[in-house]
Amino acid sequence: MTQRSVALLLGTALLWAAVAAWPAAVGASPAPGSNAPASAAETEASGAAGHGQETSDSWSMVFVLLLSTFIGIGVIARVSRLLHTPLMSITNAISAIAVVGSIIVTGTDFPVHIRIIGAIALFASMTNIVSGFLITDRMLKMFKQTRGEAKS
Amino acid sequence: MTQRSVALLLGTALLWAAVAAWPAAVGASPAPGSNAPASAAETEASGAAGHGQETSDSWSMVFVLLLSTFIGIGVIARVSRLLHTPLMSITNAISAIAVVGSIIVTGTDFPVHIRIIGAIALFASMTNIVSGFLITDRMLKMFKQTRGEAKS
Amino acid sequence: MSHGMVQLAYLVATGLFVFSLHWMNSPKTARRAVLAGVAAMTLAVLATWFQPGVVHHLWIIVAIAAGFAVGIPLSRVPLTAVPQRTALSHAFGGLAAGLVGAAKYFLWLGEGSSQLTAFRMTAIVAEVILGFVTLTGSLMAAGKLQEIKWIPQRPVTYPFQNVGNIGLLSAAVLIGLALVLNPTAGWAPAAFIVLILLALVFGVLLIIPIGGADMPTVISILNSYAGLSAVAMGFVLDNKLLITAGALDGSSGLILSIIMCRAMNRSFTNVLFGAFGKVQAAAAGTEERVYKAETIEGASQVLEQASTVVIIPGYGMAVAQAQHRVRDLYNELTKRGIQVKFAIHPVAGRMPGHMNVLLAEAEIPYTDLIEMDEINPDMPQTDVALVIGANDVVNPAARYDKSTPIYGMPIIDADKAHAVFAIKRSKNPGFAGIDNELYFQDKTFMLFGDAKAVVGDLVKQLSGGSGMH
Amino acid sequence: MSHGMVQLAYLVATGLFVFSLHWMNSPKTARRAVLAGVAAMTLAVLATWFQPGVVHHLWIIVAIAAGFAVGIPLSRVPLTAVPQRTALSHAFGGLAAGLVGAAKYFLWLGEGSSQLTAFRMTAIVAEVILGFVTLTGSLMAAGKLQEIKWIPQRPVTYPFQNVGNIGLLSAAVLIGLALVLNPTAGWAPAAFIVLILLALVFGVLLIIPIGGADMPTVISILNSYAGLSAVAMGFVLDNKLLITAGALDGSSGLILSIIMCRAMNRSFTNVLFGAFGKVQAAAAGTEERVYKAETIEGASQVLEQASTVVIIPGYGMAVAQAQHRVRDLYNELTKRGIQVKFAIHPVAGRMPGHMNVLLAEAEIPYTDLIEMDEINPDMPQTDVALVIGANDVVNPAARYDKSTPIYGMPIIDADKAHAVFAIKRSKNPGFAGIDNELYFQDKTFMLFGDAKAVVGDLVKQLSGGSGMH
Ligand SMILES: NC(=O)c1ccc[n+]([C@@H]2O[C@H](COP(=O)([O-])OP(=O)(O)OC[C@H]3O[C@@H](n4cnc5c(N)ncnc54)[C@H](OP(=O)(O)O)[C@@H]3O)[C@@H](O)[C@H]2O)c1
Ligand SMILES: NC(=O)c1ccc[n+]([C@@H]2O[C@H](COP(=O)([O-])OP(=O)(O)OC[C@H]3O[C@@H](n4cnc5c(N)ncnc54)[C@H](OP(=O)(O)O)[C@@H]3O)[C@@H](O)[C@H]2O)c1
């Protein structure tokens, strides 16, 4: 990775971060609402993600996004060129982490139509996880270093 | 960096994270208290760090710690061996980020004895910042690639 | 599982995902990467599932079982279909993100305005737009790659295409903005549905003007959209694991597409936005020029005499599925003490690393797969360069002819070898649609025919002749 | 400045810090690293300062001015004093962290128990222990490096040292635990003071048993303690910027100490915890063996005849401040067309990169500073190896003699050169306290004397003699 593309990527990350955090930045009654016990209780009642015990503020998430992007750039740029095809399929499987959201929407005691939507999402993510990891492993198994290894 | 030391470092990071987050993990009335508007108001009154607008939960901080450690390992391991001495002094300057805490303790309308403690801390951090960056730059100026460059 | 335990599980999963991608840096540790990824995903699924609020276990089991039922066959596709599979997978990812975003919106809508803060609403809008654009965009891309009849392979252009697309996107963004400001207004649910529809349509229109052969880059960009929609979901659900995993995925897509663009000498923005326009068809060659054809017998004699052979595979080898025959050829030649290396161009084939997987599938040791930059200095000392179904990546016009679309793209210096054999079916040009100077050289000999058949014949000739040697 | 603006500033500062360390990966971009670091720090300071709650501007200005007044002279120390300066700086960092932790505790104590959550209290205890241990530990280290009279240079051991230290640390941890559980009890403030005192004492006792020459590794570890105390402060103040910057610093210290340990072939735990014990003195050589001394004239004649010379600098060059004379020698030799390279051992001198800064100070181009692993293959083709004040890093005993403390440490293969000249003052051994086989070799000639003087004489001889050439 050249300096230029790193800069480009940082720019993208910051831009995205800025978009994500603008309500917080302009002070338009953002996450504090979600931190208030009243709404926390509601969240608990509706059984949503956080289970109301602790919610983090938007800025924490923006920091996590920035740092993760840095890690992503650092790690991906050093992936061997040999493995770019398996890389595409493993990141594909990893992006199916949306499964977490799908499970919550499917499994919580929400109205049936919501849960149906959730179940479709869960099915879709699970397909990606299963096929993504399996095909990556299938491809990686083929990479042999020596002829002997390749023969055996 | 070998796999082994990366693993060692991850272990350290996780250990540290676990220590830092244990109150949250065992559910011993942690940050929620600090998220409640009542205590937020108190914080506002005392003019402390967050100014009471938003506080993040302990888990966010643990995530930030983990991710930052990964970045640190990745970035530092690739620093040129030539520059290990300047690296020591620049990280020294960066660790003086404690200046942020010192400014708050010194400048807020706290009792005088607290502010005196803060002022000492601020003086100490500022010394590190100034001397750390200056000496790093002084050393880096010396590194010349070619003889011509070195002569001029 | 208590909240603390769930967060701890997510923390460990985050770490494992990072390790997983870290281990992809070498084939030696790469299989560990899959293990780490699977462990992280399992941890995330279990930790989420066993939260107190999650009670409809049967629903979850059924959906997961269905996922396995479809996922396992999808992982068995032939390697040539990997680009399509990846695209399809992105479509699924986009669908999941979009649906969860929509579900969350309607849920919180039912619970009153206090839930739909501006912050959350912004994230939901981003998630839904990214998710549904990725859905239809990836489906179109998969269709073009699979060469499905009713999806046009060629770039489709029509008047006011750019204006229309930009208008559509602006409309979606405006509706999104309105929703952020008034998430609970009477018109909001309807507007939300319209937003989804616009995103779906935009996904289709975004891909229509791009030719089938540009799809790999598009897939990579859609990969990063899928990652970004996971990030947005993380913001909606206040989940740091989603943010990290999504960001890792997003950077991966972005970096791979940058690498592809560089190797094709096109700017990133040219592919991203220039894709709106029509791909400029290259002018056909003016004069008829002469190829020298060679027989199998002649070629195998020359190969036998060589001491160093460099094989340059390209898209044609993938299409012909010739990799196993190529392995046989490699064996025949190395048996004779001839040094055989493969020269891998970064954009040979139709996806990043395409040649590497195919040759690895044929059990060729990866230490003999040499990257372009490393092998080029050795080309002038090479006795025979054997081009198998490659075209643009060995076209010397890239070095000097500013009028060609590939001008400035780094190529493999096949023309510097002492002799060149080139296997292709016809006199047709390659992906970029331009004639290849290399084929008219004095020292180049064509072996016309399907790559699999031609290489098979070469192997037969060599193995038959080896007894008489 | 609104909360949002402050957070945005912190976010940008976080990014800049990462970039700063990233740019340290090459001397070409390194000065940009300082710029980025300064920009990030300035942003952080200003954003914090201009928050509405911060009102005592005069106090801040005075403290900052005092910081500049002390910091500027501290940055002008000679390069040989850099290790001490770094240690002193860590002491300051530890002091700041410890004081802020203490201030926060007493502040929140005054505001009632709702402020002192278990989470915050854990972080405060960690911050205070780490901060004050770093303070006294670093002061001790600085003292040993500066060779201050009343701080013993040699390792000091006494009965029950380990037991006593571990007991002290356990006591501190127990008090910390009690404070976490009862932060507002009547005894708590007193216990907090005791905790601070224990940390201060522990810092001293931790360093006393470690010899002065082991200080560089200790400094690196203290560096990571200083970083960790900043992380703890971040947890106390709920500030992500502090966490990131502290973690960057913490990893840096850890990695540098791991690198040093590896290059010395000592385990990390051996330095960390083995340091509690007494450093085993190596047995003195049994038989008296003979050195061959050489005159300045003889040495310069041999140097003039050489076509490749490798200079191996060590701690002695740093002590003698001989780097400028070495540059003159380098000029004299290169003027004659002789190829001169410097072989840099990773732990030559007394801190990581020590030789590189000194030689860079003397304006020797860094492209001529070659790392051990790269230069060793060339040593057998080298005409003259000139060892200037190095000893352990060229001791062949490291290869085979299991009884020596340096056994297994990779060394620079000076003994493989055709001829070796070694400059040192006496027949005393080096840092590891063992005789050096190299000096008894047939092809080795000693040049006894101070490095600066001897190299100066060589230069005089060469420049005087060059006219007659
Ligand atoms: N790898 C990537 O990530 C990526 C992404 C996007 C775009 N691209 C583009 O794809 C191109 C790749 O270059 P390339 O040299 O690998 O391929 P190419 O330029 O597309 O040429 C392929 C050649 O293979 C021949 N061929 C096709 N089927 C064959 C068969 N069954 N048997 C024998 N020969 C056959 C074709 O000639 P006949 O028709 O005469 O047989 C053609 O000349 C580049 O222009 C690159 O920019 C690559
Ligand atoms: N670099 C690091 O990060 C680091 C960290 C911790 C420990 N260490 C340890 O430090 C040692 C470094 O090895 P080294 O070979 O550089 O140094 P060394 O083994 O300590 O040897 C230095 C030599 O220089 C000579 N000397 C001292 N002052 C001199 C002067 N004024 N003029 C000429 N010669 C002089 C000494 O001999 P005379 O007394 O006879 O003159 C001595 O033999 C290793 O053992 C390493 O493990 C290094």
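First the proteins, then the strands, lettered A, B, ... as listed; each starts at 1.
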Can you tell me how far the OG atom of B:Ser131 sits from the CZ atom of D:Phe68, to the nearest 0.5 Å? 10.5 Å
Using the salt bridge (Lys or Arg N to Asp or Glu O under 4.0 Å) criterion, which residues pair with D:Arg76? Sequence neighbours excluded. none
Heavy-atom side-chain proximity of B:Phe143 to D:Val357 below 4.5 angstrom: yes
I would like to know whether B:Ser58 and D:Arg120 meet side chain to side chain contact (heavy atoms under 4.5 Å, CB included); could you show each step before the answer? CA-CA 9 Å; B:Ser58 44; D:Arg120 282 179 174 178; over 6 Å; no
Counting heavy-atom pairs under 4.5 Å with chain B, the top scorer among D:Ala65, D:Ala230, D:Gly246, D:Ala66 is D:Ala66
B:Val112 versus D:Trp59: any side-chain heavy-atom pair under 4.5 Å? yes
Do D:Gln51 and B:Ile104 come within less than 4.5 Å of each other through their side chains, counting heavy atoms only? yes
Closest non-hydrogen atom pair between D:Asp249 and B:Asn92, with its separation: OD1-N, 4.0 Å
Close side-chain approach of D:Leu21 to B:Val79, heavy-atom, < 4.5 Å: no
Engaged part of D:Val82 at the chain B interface, taking heavy atoms whose separation is under 4.5 Å: side chain
State, to 0.1 Å, how close B:Ala121 and D:Ala96 come at their nearest heavy-atom pair, and which atoms those are. O-CB, 3.6 Å
Note, B:Ile97 side chain near D:Phe17 side chain (heavy atom, < 4.5 Å): yes
Give, as side chain, backbone, both or neither, the part of B:Ile116 having an atom under 4.5 angstrom from any heavy atom of chain D. both
Interatomic distance, OG@D:Ser251 vs CD1@B:Ile76, rounded to 0.5 Å, equals 6.0 Å
Nearest heavy-atom pair of D:Ser75 and B:Ile135: which atoms, and what distance? O-CG1, 3.7 Å
Contact class of D:Leu79 relative to chain B, heavy atoms under 4.5 angstrom: both
Is there side-chain contact between B:Val75 and D:Leu248, with heavy atoms separated by less than 4.5 Å? no
Indicate yes or no: at least one non-hydrogen side-chain atom of D:Asn25 is less than 4.5 angstrom from one of B:Ser80. no
About how many Å separate CG of D:Leu35 and CG of B:Asp137, when rounded to the nearest 0.5 Å? 7.5 Å
Considering only heavy atoms and a distance below 4.5 Å, find which of D:Ala102, D:Gly37, D:Ala13 pairs most often with chain B. D:Gly37
If one checks every heavy atom of B:Ala119 against chain D at 4.5 Å, the contacting part turns out to be both
When every non-hydrogen atom of B:Thr85 is compared with those of D:Pro352, the smallest separation belongs to OG1-O, 2.5 Å
Under the side chain to side chain contact (heavy atoms under 4.5 Å, CB included) rule, what do B:Arg115 and D:His56 come out as? Steps first, then yes or no, please. CA-CA 9 Å; B:Arg115 273 156 50 205; D:His56 292 277; 3.1 Å; yes
Measure D:Ile64 against the heavy atoms of chain B and call it side chain, backbone, both or neither at under 4.5 Å. both
Shorter than 4.5 Å, heavy atoms on both sides: which option in D:Leu74, D:Val38, D:Val236 has the most such pairs with chain B? D:Val38
Approximate separation, where rounding is to 0.5 Å, of B:Ile114 CD1 and D:Leu107 CG: 4.0 Å
I'd like to know whether D:Val45 forms a side chain to side chain contact (heavy atoms under 4.5 Å, CB included) with B:Ile103, so could you lay out the CA-CA distance, the side-chain angles of the two residues, the decisive distance to 0.1 Å, and finally the verdict. CA-CA 8 Å; D:Val45 167; B:Ile103 290 180; 3.7 Å; yes
Selection from D:Met41, D:Met233, D:Glu371 maximising heavy-atom pairs under 4.5 Å formed with chain B: D:Met41
Could you tell me if the side chain of B:Ile90 sits less than 4.5 Å from the side chain of D:Ser20, heavy atoms only? yes
Let me know if D:Ser89 has heavy atoms under 4.5 Å from chain B in its side chain, its backbone, both or neither. both
When rounded to the nearest 0.5 angstrom, what is the spacing between CE in B:Met126 and CD1 in D:Ile60? 11.0 Å
Top residue by heavy-atom pair count (under 4.5 Å) with chain D, among B:Gly72, B:Ser68, B:Gly74, B:Gly107? B:Gly107
Can you tell which part of B:Val64 gets under 4.5 Å to a heavy atom of chain D, answering side chain, backbone, both or neither? both
So which part of D:Val62 gets closer than 4.5 Å to some heavy atom of chain B, the side chain, the backbone, both or neither? neither
Drop me the distance from D:Ser26's OG to B:Leu82's CG, to the nearest 0.5 angstrom. 9.0 Å
For B:Met88 and D:Ser220 the tightest heavy-atom approach is CE-OG, 4.1 Å
Please rank D:Val55, D:Ile219, D:Leu58 by heavy-atom pairs under 4.5 Å with chain B and give me the top one. D:Val55
What part of B:Leu87 gets within 4.5 angstrom of chain D, counting heavy atoms only: side chain, backbone, both, or neither? both
The interface call for B:Val105 against chain D, heavy-atom contacts under 4.5 Å, is side chain
B:Arg81 and D:Asn356 side chains, donor-acceptor separation under 3.5 Å: no
B:Gly101 versus D:Leu237, closest heavy-atom pair with distance: CA-CD1, 3.4 Å
